[in-house]
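Everything on this sheet refers to the single structure shown next.
For clarity, every value in this text was computed on a predicted model and none was experimentally measured. All values below were derived from every heavy atom in this structure, side-chain atoms included, with hydrogens, water molecules and symmetry-related copies excluded.
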Amino acid sequence: MLKLAGMLCIVAGAAGFGKYLGDYLKYHLEQLVEGREIFARMDAGREYLRLPYAELLRRTAKGRSKLFDEILTEVADEMEKNREGDISALWEAAFGKRKKQILLNEEEQGLFLALAKSLMLEGDHTQVSKIYLMQIEEKIQKAMEEKQEKQKLYGTVSLLGGLFLVILLL
């Protein structure tokens, strides 16, 4: 009976680990999509509403996940405190404080930071922002494909590893 309980625990733990890895891919994709939506909304707001950048950040933050809400609000607050500050440094600091929560790699974060900086530009920024948004869209497609491929692989490998461990311990 004790062996059976141990085997069940090992297999359940292995399956849980596979689920954890699959969830990691899911949250990465969700952060990419939400980031794209935020910056697309900011781009549209900048173009049509002609709001100041800090106000645009505050409006965009409403209704977002806690992570992105905190980032946008922090950048807006810092912009209002220091009007002469470098916008890139503010964004980098906001992303840097949340390194453990942000699942985006360096390249993806760089795209978001460059897009944020391009939205600060006066005049015709739409072409630059469209290029960055297209690059982010490509990253999203790649993450979707990776999620489909690796999610099944993680689940299968972790279950097989758990079963192998059970057989090894018998």
Report summary line: Residue pairs passing the salt bridge (charged side-chain N to carboxylate O under 4.0 Å, His left out) test with at least one member in residues 99-116, sequence neighbours excluded, are Glu107-Lys139
Query raised in the report: Is the shortest heavy-atom distance from the side chain of Gln135 to the side chain of Leu115 under 4.5 Å?
Result: no
Query raised in the report: In the hydrophobic clustering (ILVMFWY, side-chain contacts below 4.5 Å, transitive), which residues join Leu160, or is it alone?
Result: none
Query raised in the report: Which ILVMFWY residues can you reach from Leu153 by hopping between side chains whose heavy atoms are under 4.5 Å apart?
Result: Val157
Requested in this report: To the nearest 0.5 angstrom, please state how far the CG atom of Leu67 sits from the CD atom of Glu30.
Outcome: 12.0 Å
Query raised in the report: Are there more than 12 heavy atoms of other residues, nucleotides or ligands under 6.0 Å from atom CZ of Arg59?
Result: no
Query - Sequence neighbours excluded, every pair satisfying salt bridge (charged side-chain N to carboxylate O under 4.0 Å, His left out) that has a member inside residues 148-170 - result: Glu146-Lys150
**Report entry** Within residues 161-170 or reaching into it, pairs that qualify as salt bridge (charged side-chain N to carboxylate O under 4.0 Å, His left out) - sequence neighbours excluded
**Finding:** none
**Report entry** Side-chain heavy atoms of Thr73 within contact of Leu57, under 4.5 Å
**Finding:** no
**Report entry** Hydrophobic cluster of Leu21, others only, ordered by chain and residue number, side-chain cut-off 4.5 Å
**Finding:** Phe17, Tyr20, Leu25, Tyr154
Report task. Go through the structure and list residues passing salt bridge (Lys or Arg N to Asp or Glu O under 4.0 Å) with Glu80, not counting sequence neighbours. Result -> Arg58
Query raised in the report: Among all residues two or more places apart in sequence or in another chain, which pass the salt bridge (Lys or Arg N to Asp or Glu O under 4.0 Å) test with Glu137?
Result: Arg36
Query raised in the report: Do the non-hydrogen side-chain atoms of Glu74 and Lys97 ever get within less than 4.5 Å of each other?
Result: yes
Check: residues 161-170 side-chain donor-acceptor pairs under 3.5 Å, at least two apart:
none

Query raised in the report: Does the pair Leu90 and Asn82 meet the rule for a side chain to side chain contact (heavy atoms under 4.5 Å, CB included), with working shown?
Result: CA-CA 10 Å; Leu90 297 176; Asn82 185 7; over 6 Å; no
Query raised in the report: How would you list, by chain and number, every residue that makes a salt bridge (Lys or Arg N to Asp or Glu O under 4.0 Å) with Lys81, sequence neighbours excluded?
Result: Glu78
Requested in this report: Give the intermediate values and the outcome of side chain to side chain contact (heavy atoms under 4.5 Å, CB included) for residues Arg64 and Arg41.
Outcome: CA-CA 12 Å; Arg64 296 291 160 196; Arg41 187 173 172 189; 3.5 Å; yes
Query raised in the report: Under the 4.5 Å side-chain heavy-atom rule for ILVMFWY, direct or indirect, which residues accompany Tyr27?
Result: Tyr24, Leu103
Query raised in the report: Just how far is it from atom CE of Met144 to atom NE2 of His28, taken to the nearest 0.5 Å?
Result: 12.5 Å
Query raised in the report: For Leu32, does its backbone N or O pair with a side-chain atom of Glu37 as donor and acceptor, under 3.5 Å?
Result: no
Query - Distance (rounded to the nearest 0.5 Å) between Met42 CE and Leu56 CG - result: 5.0 Å
Query raised in the report: Which residue pairs pass the ring-ring contact (aromatic ring centres under 6.0 Å, His included) test with at least one member in residues 59-107, sequence neighbours excluded?
Result: Phe39-Trp91
